[in-house]
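Since the structure comes first, as structure tokens, the remarks are kept for the end.
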Amino acid sequence: MKYDDAEIYLLDCETEFADADEVCRTHLGFYLASIVNSAMVSNRLTVHAEPARQRTSSGRTLLVERCDGKLPSDDLNERGNAFTQTCYESTYFSDYQEIFTLDTEDPEAQFRVADTEPIYLY
């Protein structure tokens, strides 16, 4: 099962961003970093997640390099899947908007969040 895919946001992005491939992955990268730090990823992904855990690399980098820009269920462990099924679609985007004080009327506001600081939402 695939929870999300950055390509969907790239295709939906109506404005041309110079780094559209990157900015469409930021919110997923923040989520991935959060669940990495909560020990909710699969053993396969844990091996590659240490830089994100140590905050020497971003969740977005891990998402691109090891997950092909997608958040599939097989990259999460049992606890991560239970958490993601409960939280991701129901509250993650509203939490993300609130934390970054994004304009909810602007569908592209999420693409303006910089991936410069390791921010963990959960």
Side-chain angles (χ1 to χ4, degrees):
M1 173 182 171
K2 181 171 58 174
Y3 294 111
D4 211 343
D5 186 338
E7 190 172 322
I8 294 167
Y9 303 96
L10 182 61
L11 296 173
D12 286 347
C13 187
E14 295 177 14
T15 302
E16 295 277 332
F17 287 94
D19 55 353
D21 284 346
E22 296 296 315
V23 299
C24 291
R25 295 180 176 124
T26 301
H27 73 284
L28 276 166
F30 284 149
Y31 185 80
L32 183 58
S34 295
I35 60 174
V36 160
N37 282 294
S38 297
M40 292 193 274
V41 294
S42 69
N43 289 336
R44 180 192 71 82
L45 192 56
T46 297
V47 172
H48 304 286
E50 196 58 30
R53 185 181 336 282
Q54 302 250 340
R55 297 182 180 203
T56 58
S57 183
S58 70
R60 184 173 78 185
T61 299
L62 178 62
L63 181 77
V64 171
E65 291 178 355
R66 296 294 172 186
C67 305
D68 193 31
K70 297 167 182 58
L71 184 62
S73 58
D74 61 344
D75 281 343
L76 308 181
N77 62 24
E78 187 176 329
R79 190 170 140 239
N81 276 298
F83 179 78
T84 299
Q85 289 170 4
T86 301
C87 157
Y88 190 74
E89 288 187 22
S90 63
T91 63
Y92 180 69
F93 288 106
S94 60
D95 291 348
Y96 189 85
Q97 289 173 331
E98 183 179 328
I99 288 167
F100 293 105
T101 59
L102 301 180
D103 179 359
T104 58
E105 300 297 316
D106 179 0
E108 294 179 0
Q110 73 177 10
F111 303 135
R112 294 185 193 95
V113 175
D115 188 39
T116 56
E117 293 183 33
I119 296 173
Y120 305 113
L121 303 171
Y122 299 105

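Residue numbers start at 1 and run along the sequence shown. Keep in mind it's a predicted model, so treat the numbers as computed, not measured.
Nearest approach of Phe111 to Cys24, heavy atoms of both residues: CE2-SG, 3.8 Å. Closest heavy-atom contact between Thr91 and Ser94: O-OG, 3.0 Å. The heavy-atom pair separating Arg25 from Ala6 by the smallest distance is CG-CB, 3.3 Å. For Leu62 against Ala49, the heavy-atom pair with the smallest separation is CD2-CB, 4.0 Å.
Residues Tyr3 and Tyr92 keep their aromatic ring centres 6.0 Å or farther apart.
Applying the side chain to side chain donor-acceptor pair (under 3.5 Å) test to Asn77 and every residue at least two apart in sequence or in another chain returns nothing. Here Ser42 pairs with nothing under the side chain to side chain donor-acceptor pair (under 3.5 Å) rule; sequence neighbours left out. Lys70 pairs by the side chain to side chain contact (heavy atoms under 4.5 Å, CB included) definition with Lys2, Asp5, Asp68, Pro72, not counting sequence neighbours. Partners of Arg79 according to the side chain to side chain donor-acceptor pair (under 3.5 Å) rule, which considers only residues two or more places apart in sequence or in another chain, do not exist here. Residues passing the side chain to side chain contact (heavy atoms under 4.5 Å, CB included) test with Glu50, sequence neighbours excluded: Arg53, Gln54.
Atom CZ of Arg66 and atom CG of Leu45 lie 9.0 Å apart (nearest 0.5 Å). Once rounded to the nearest 0.5 Å, the distance linking CE of Met40 with OG of Ser38 reads 4.0 Å.
Judged by distance alone, with hydrogens and angles left aside, the side-chain atoms of Thr26 form no donor-acceptor pair with the main-chain N or O of Asp115 at under 3.5 Å. Of the possible donor and acceptor atoms, none in the side chain of Asp4 sits under 3.5 Å from a partner among the backbone N and O of Leu71.
Applying the side-chain hydrogen bond (donor to acceptor under 3.5 Å, both in side chains) test to residues at least two apart or on different chains, the pairs with a partner in residues 97-106 are Asp106-Arg112.
Side-chain contact between Leu32 and Cys67: present, with at least one pair of heavy atoms (C-beta onward) separated by less than 4.5 Å.
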So His27 and Val113, side-chain contact (heavy atoms from CB on, under 4.5 Å) or not? Walk me through it. CA-CA 8 Å; His27 73 284; Val113 175; over 6 Å; no

Step by step, work out the side-chain contact (heavy atoms from CB on, under 4.5 Å) result for Tyr31 and Leu63. CA-CA 10 Å; Tyr31 185 80; Leu63 181 77; over 6 Å; no

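Residues Met1 and Phe83 share a single hydrophobic cluster, defined by chaining ILVMFWY side chains whose heavy atoms lie under 4.5 Å apart.
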